[in-house]
Q: 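Got a structure for you, written out below as structure tokens; questions coming shortly.
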Amino acid sequence: MNICGCWVSSMKIPFHGWRYSRPFFSLSSSSRHRIMSIQNCSSNSSSSPASISTESKEKKMENLPWLIVGLGNPGKKYAATRHNVGFEMVDAIAEAEGISMSSVSFKALFGKGLIGDVPVILAKPQTFMNLSGESVGAIVSYYKIPLKQVLVIFDDLDLPFAKLRLLPKGGHGGHNGMKSVINHFKGNTGFPRLRIGIGRPPGKMDPVGFVLRTFTKQEREELNFTLQDGIEALRILLLEGFDRSATFVNSSKKIEQTG
């Protein structure tokens, strides 16, 4: 109980416009000390709204959910293709954390839950890859999610197959889904992304055709291990911070390269 705030505000002394050139009654030293303490407490209370406001804003930021988006194309035709590994990662996260993805909102398959004590939204835009930003932008706008709490997961031709790379920001790298997302963020590229390597097309094969190919049995087995690493990287990101998560991903790469 804040005795300063409650007790002082309840005191009502009728002045009736009178003025005194000297004290109306004398006070003991202990009484004067108590009143001075109350005045100091009242002074501190009057200066606290700004700090309280800052604290409440920080708590509000902490309570805002993370948005975890996997990019891909909807429909059976594109399921399990290289271009849809973003979808697969989100599905793996949902299964591991017990989050249902059965809702459809903001042009996306959509789920809400907790990872540890951190609220998360999982989303798989159903707009087709090149229009992914329509869905992602709408979710971010509606929930007022800061971009530093938006993780976009997508396939990357320039990474070796089944390798992960976590970055705090960056361009689209020629990826049409990322182009759309950045456009709907008004050109802002300051959001984290998890890239999943799908390798380069063999020989002179058209990259467009390559990204729509499914995986071989051996590739699928290797990719499943990568998805598990991605789940762990996300947990570290949410619970321990970006730097620790990036270290985990980079360390995994070094172990694999030297093994």
Side-chain angles (χ1 to χ4, degrees), residues 57-72 83 85-90 92-94 96-97 108 114-125 129 132-133 135-198 226-257:
K57 285 180 181 179
E58 289 176 354
K59 288 182 179 179
K60 186 176 179 182
M61 290 285 286
E62 290 176 1
N63 292 330
L64 289 173
W66 271 77
L67 174 60
I68 314 301
V69 180
L71 301 186
H83 216 22
V85 291
F87 275 10
E88 290 201 39
M89 181 63 82
V90 168
I93 294 165
E97 303 296 340
L114 292 172
I115 295 180
D117 60 353
V118 179
V120 298
I121 295 172
L122 305 182
K124 299 193 300 179
M129 183 69 82
S132 298
S135 172
V136 180
I139 297 171
V140 168
S141 177
Y142 183 83
Y143 289 98
K144 297 179 172 58
I145 303 173
L147 292 191
K148 67 179 182 179
Q149 289 181 208
V150 178
L151 177 68
V152 182
I153 306 171
F154 62 100
D155 59 295
D156 192 334
L157 281 164
D158 294 325
L159 274 181
F161 179 76
K163 298 297 185 283
L164 296 175
R165 188 174 183 191
L166 180 64
L167 297 172
K169 59 183 179 178
H172 53 71
H175 192 284
N176 289 331
M178 285 295 286
K179 283 182 184 178
S180 179
V181 170
I182 291 170
N183 285 340
H184 281 80
F185 288 166
K186 298 180 180 179
N188 193 327
T189 60
F191 57 93
R193 66 284 310 276
L194 180 63
R195 297 160 54 191
I196 305 174
I198 60 171
T226 296
L227 296 179
Q228 293 306 309
D229 284 343
I231 293 169
E232 185 62 22
L234 176 62
R235 288 172 178 159
I236 296 171
L237 171 65
L238 299 184
L239 303 177
E240 300 183 41
F242 180 88
D243 290 343
R244 283 186 176 272
S245 184
T247 298
F248 168 78
V249 173
N250 293 337
S251 296
S252 296
K253 287 180 182 178
K254 290 177 182 178
I255 291 170
E256 290 164 358
Q257 287 172 358

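Index from 1, following the sequence. Keep in mind the model is a prediction, meaning the values are calculated, not measured.
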Q: Would you verify whether the NZ or CZ of Arg244 falls within 45 degrees of the ring axis of Phe242 while also being under 6.0 Å from that six-membered ring's centre?
A: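 Judged by the rule (NZ or CZ under 6.0 Å from the ring centre, within 45° of its axis), Arg244 is not positioned above Phe242.
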Q: Within the distance-only criterion (no hydrogens, no angle test), does the side chain of Arg195 pair as donor or acceptor with the backbone N or O of Leu159 below 3.5 angstrom?
A: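 No.
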Q: Quick one: are Leu237 and Trp66 in side-chain contact, heavy atoms under 4.5 Å?
A: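 The answer is yes, as the side chains (C-beta and beyond) meet within the 4.5 Å cut-off.
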Q: With side-chain contact (heavy atoms from CB on, under 4.5 Å) as the criterion, how do Ile196 and Met89 come out once you've worked through the C-alpha distance, each side chain's angles and the decisive distance to 0.1 Å?
A: CA-CA 9 Å; Ile196 305 174; Met89 181 63 82; 3.9 Å; yes
Q: Could you check whether any side-chain heavy atom of Asn63 comes within less than 4.5 Å of a side-chain heavy atom of Pro119, counting everything from C-beta outward?
A: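 Not touching, per the 4.5 Å side-chain cut-off.
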Q: Quick one: closest heavy-atom pair of Leu71 and Pro125, and the distance?
A: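 Heavy atoms of Leu71 and Pro125 come nearest at CD2-CG, 4.5 Å.
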Q: If we ignore hydrogens and angles and just use 3.5 Å, is the side chain of Thr247 paired with the main-chain N or O of Asp243 as donor and acceptor?
A: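 Pair found, side chain donor or acceptor close to backbone of Asp243.
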Q: Indicate the ring-plane relationship of Phe191 and Phe185, choosing parallel, tilted or perpendicular according to the 30° and 60° boundaries.
A: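 Perpendicular: the ring planes of Phe191 and Phe185 meet at over 60°.
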Q: Less than 4.5 Å apart, side chain to side chain, heavy atoms only: is that true for Val140 and Leu67?
A: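 SC-SC contact between Val140 and Leu67 confirmed.
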Q: Hey, are the side chains of Met178 and Phe154 touching, using non-hydrogen atoms and a 4.5 Å cut-off?
A: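 They are in contact (side-chain heavy atoms under 4.5 Å apart), so the answer is yes.
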Q: Please examine the side chains of Ile198 and Val85, heavy atoms only from C-beta on, and report whether any two atoms are closer than 4.5 Å.
A: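 They are in side-chain contact.
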Q: Val90 and Ile68: which non-hydrogen atoms are nearest, and at how many Å?
A: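 So the two residues come closest at CG2-O, 4.3 Å.
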Q: Any carboxylate oxygen within less than 4.0 angstrom of a Lys/Arg side-chain nitrogen, looking at Glu97 and Arg235?
A: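 Salt bridge between Glu97 and Arg235, a charged N being under 4.0 Å from a carboxylate O: yes.
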Q: Has the side chain of Gln149 got a donor or acceptor atom that lies under 3.5 Å from a matching backbone atom of Leu64?
A: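 Here the side-chain-to-backbone pair exists.
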